[in-house]
Amino acid sequence: MPGRRELCWGALLRVALRAALSPLPSGGRCRALFRSAPPAGRWPRGAEPRGRQVWAGCPAAARHSLRLYSAACWRCGAAPEPPGFFCPSCRALQPADWRLDYFQLLGLPRRYRLDTERLQESHRRLLRALHPDNFGQSTEAERRYSEEQSALVNEAYAALLRPLSRGLYLLQLELPGEPVAAEDEADADPAFLSAVLELNERLAEAESQADIRRVAASVEERLLELDEQVVRAFEQSRPRDARPLLQRMKYWNSIGDRVKERLLPR
């Protein structure tokens, strides 16, 4: 059992770290989903909800049994294949399909290790096709769908681009209903907390660009190590093991963001 002195030291480290590092804001897709879902009685023709389907990518939606758009085209009744941005028969732009997670939306495999070039190309291609300028002469519904779909694609891209946000999002998919945050698990290691606090202090005391770059190199080294561990956890079907690793990654990312700010020209 740890002694009182060790417990006090760990508590002081946690307080200091939380004061020094801003927490990562949580994602907002579930909130956005509830905001943008049409109110009862105002679904487009052919897109009325059928049954008690829920969107697999959003634990909050699953808990509330949120109803989804129909898979049938609102104009001609054909059935687009996911991700189904456009009807294969009449080419009408479709409402957002809330059944899809971000990976499906961007046509990518659901995994932590992603080809970022493929992600960026998918993002660019979809934005070109969905841009509101393409629907200036279309119906009001399609213009609205264009704006919503474009915003959704941008949101998916932002979530999957960075390893930390991608990992946290993947945890939501792999462990629906379980908390994503694991601060207590990360805080349980005094050596880790001490290392983070020490590097944060080094950054605060850095006076030259060379000092800041040395801190940046240390942060990058730790992030690469964590990234490999997270890859193994997901690839070996151990998502719960990834949770404390991602929490540690959040701490290092917070320092990394501060490093970038210090390196910007003034």
Side-chain angles (χ1 to χ4, degrees), residues 6 9-27 102-103 108-120 157-172 174-175 180-266:
E6 287 78 7
W9 173 239
L12 286 171
L13 281 173
R14 286 193 288 274
V15 171
L17 277 172
R18 287 169 181 169
L21 303 176
S22 301
L24 182 76
S26 58
Y102 289 160
F103 297 94
L108 300 169
R110 185 194 285 188
R111 62 190 184 200
Y112 176 75
R113 178 174 280 168
L114 281 184
D115 183 340
T116 54
E117 290 186 5
R118 183 178 172 188
L119 170 65
Q120 292 166 347
Y157 173 73
L160 300 187
L161 182 60
R162 300 187 69 182
L164 175 59
S165 55
R166 185 193 314 140
L168 292 174
Y169 179 69
L170 190 54
L171 274 183
Q172 288 184 310
E174 297 292 330
L175 303 173
V180 172
E183 290 188 9
D184 291 342
E185 295 175 59
D187 290 352
D189 185 351
F192 164 73
L193 297 175
S194 181
V196 174
L197 189 58
E198 178 186 355
L199 207 57
N200 195 57
E201 290 174 348
R202 280 176 54 192
L203 177 62
E205 296 169 359
E207 297 180 353
S208 67
Q209 292 287 293
D211 292 337
I212 298 172
R213 290 193 181 93
R214 279 191 286 271
V215 174
S218 297
V219 171
E220 184 65 22
E221 180 182 357
R222 287 165 171 79
L223 284 173
L224 287 174
E225 292 174 356
L226 281 171
D227 187 67
E228 288 301 318
Q229 295 176 45
V230 173
V231 167
R232 287 195 295 272
F234 278 121
E235 290 184 349
Q236 296 173 9
S237 301
R238 297 184 287 107
R240 288 183 181 85
D241 291 349
R243 191 159 49 195
L245 299 173
L246 289 166
Q247 182 63 27
R248 293 186 178 192
M249 190 180 289
K250 182 170 74 171
Y251 283 121
W252 294 123
N253 265 359
S254 297
I255 299 179
D257 289 341
R258 295 187 178 196
V259 168
K260 292 176 184 176
E261 291 177 3
R262 293 285 303 274
L263 288 174
L264 289 174
R266 300 182 183 277

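One is the number of the first residue; the rest follow in order along the sequence. For the numbers below, each heavy atom of this structure counts, side chains included, while hydrogens, waters and symmetry mates do not.
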Show your reasoning for whether side-chain contact (heavy atoms from CB on, under 4.5 Å) applies to Asn253 and Lys250. CA-CA 5 Å; Asn253 265 359; Lys250 182 170 74 171; 5.6 Å; no

side-chain hydrogen bond (donor to acceptor under 3.5 Å, both in side chains) for Ser208 and Asp211? Distances and angles first, verdict last. CA-CA 5 Å; Ser208 67; Asp211 292 337; 3.2 Å; yes

For side-chain contact (heavy atoms from CB on, under 4.5 Å), just list the numbers for Arg248 and Arg222, CA-CA rounded to whole Å, side-chain angles, deciding distance to a tenth of an Å, and then say yes or no. CA-CA 10 Å; Arg248 293 186 178 192; Arg222 287 165 171 79; over 6 Å; no

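Among all heavy-atom pairs drawn from Leu203 and Ile212, the shortest one is CD1-CG2, 4.3 Å. Leu223 approaches Trp252 most closely through the heavy-atom pair CD2-CB, 3.6 Å. Between Pro239 and Glu174, the shortest heavy-atom contact is CB-CB, 4.0 Å. Here the closest heavy-atom approach between residue Leu164 and residue Leu246 is recorded as CD1-O, 3.4 Å. Closest of all the heavy-atom pairs between Leu114 and Pro109 is CD2-O, 3.6 Å.
Taking CD from Gln120 and CG from Leu160, the interatomic distance works out to 12.0 Å, rounded to the nearest 0.5 Å. Once rounded to the nearest 0.5 Å, the distance linking CG of Leu175 with CZ of Arg240 reads 5.0 Å. Rounding to the nearest 0.5 Å places OH of Tyr102 at 13.5 Å from CG of Leu161. The structure places CD of Gln209 at 8.0 Å from CZ of Arg262, a figure rounded to the nearest 0.5 Å. Atom OG of Ser165 and atom CE of Met249 lie 10.0 Å apart (nearest 0.5 Å). In this structure, Arg110 CZ and Phe234 CZ are separated by 11.0 Å, a value rounded to the nearest 0.5 Å.
Asn200 places a side-chain heavy atom less than 4.5 Å from the side chain of Arg258. When side chains are defined from C-beta on, Arg232 counts as touching Arg238, because their heavy atoms get closer than 4.5 Å.
Listed for the Tyr251 side chain is no donor-acceptor partner under 3.5 Å among the backbone atoms of Phe192.
Within 6.0 Å of the CD atom in Glu117, the count of heavy atoms belonging to other residues, nucleotides or ligands does not exceed 12.
In this structure, Arg111 fails the cation-pi test against Phe103, since its NZ or CZ atom is not both closer than 6.0 Å to the six-membered ring centre and inside 45 degrees of the ring normal.
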